[in-house]
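The first residue of the sequence shown is numbered 1, and numbering continues consecutively from there.
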Amino acid sequence: MKLTKSDVTLNERDSLQDILESEKQLMSLYTTALFEGSTKSLRKNFSANLLSVAENQYLIFTQMSSRGYYEPKPAVKEMIDQANQTFKKQKKSLKSNV
């Protein structure tokens, strides 16, 4: 089967989604690198790169959101309260293990 250009070309939404996922992966990698950095100058460099990638990710998110491609669900108070309770229990558990 021969592929045509339309078979391998991403549309705008797919392209933006791919870029967004790539930026999220970069953020994860830079975060890990920042934690593992052994010198102040290296950590400063990773931190600057992380902030730059975070800004790029936000710009892509706003573009996707303005086009209706990315619509986060609104926070529901019950879900927020449940998450708070879960983290409070975890925090208490961690303190009791120390």
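A side-chain hydrogen bond (donor to acceptor under 3.5 Å, both in side chains) check over residues 51-63, counting only residues at least two apart or in different chains, returns the pairs Gln63-Arg67.
For the atom pair Gln85 CD and Gln82 CD, the distance stands at 9.5 Å (nearest 0.5 Å). Atom CG of Leu51 and atom OG of Ser47 lie 5.0 Å apart (nearest 0.5 Å). To the nearest 0.5 Å, the span separating OH on Tyr30 from CD on Gln25 amounts to 13.0 Å. A distance of 11.5 Å separates CD of Glu36 from OG1 of Thr31, quoted to the nearest 0.5 Å. If you take NZ on Lys44 and CG on Leu34, they are separated by 13.0 Å, rounding to the nearest 0.5 Å. With rounding to the nearest 0.5 Å, the separation of CZ in Phe61 from CG in Leu20 is 9.0 Å.
Cluster membership check: Leu42 shares its hydrophobic cluster with Leu26, using side-chain heavy-atom separations under 4.5 Å among Ile, Leu, Val, Met, Phe, Trp and Tyr.
The environment of Glu21 atom CD is dense: over 12 non-hydrogen atoms of other residues, nucleotides or ligands sit within 6.0 angstrom. The local environment of CD in Gln90 is crowded, with over 12 non-hydrogen atoms from other residues, nucleotides or ligands closer than 6.0 Å.
Chaining together hydrophobic side chains whose heavy atoms lie under 4.5 Å apart leaves Leu29 on its own.
Residue Ile60 comes nearest to Ile19 through the heavy atom pair CD1-CG2, 3.0 Å, listed as atom of the first residue, atom of the second, then distance. The two atoms that bring Gly37 and Arg43 nearest to each other are O-CD, 3.4 Å, heavy atoms only. Between Glu12 and Tyr69, the closest heavy-atom pair is OE1-OH, 2.6 Å.
In this structure, Ser93 contributes its side chain and Lys89 its backbone to no donor-acceptor pair below 3.5 Å. A donor-acceptor pair under 3.5 Å links the side-chain atoms of Thr32 to the main chain of Ser28, judged by distance alone.
In this structure, a donor-acceptor pair under 3.5 Å is absent between the side chains of Tyr70 and Gln17.
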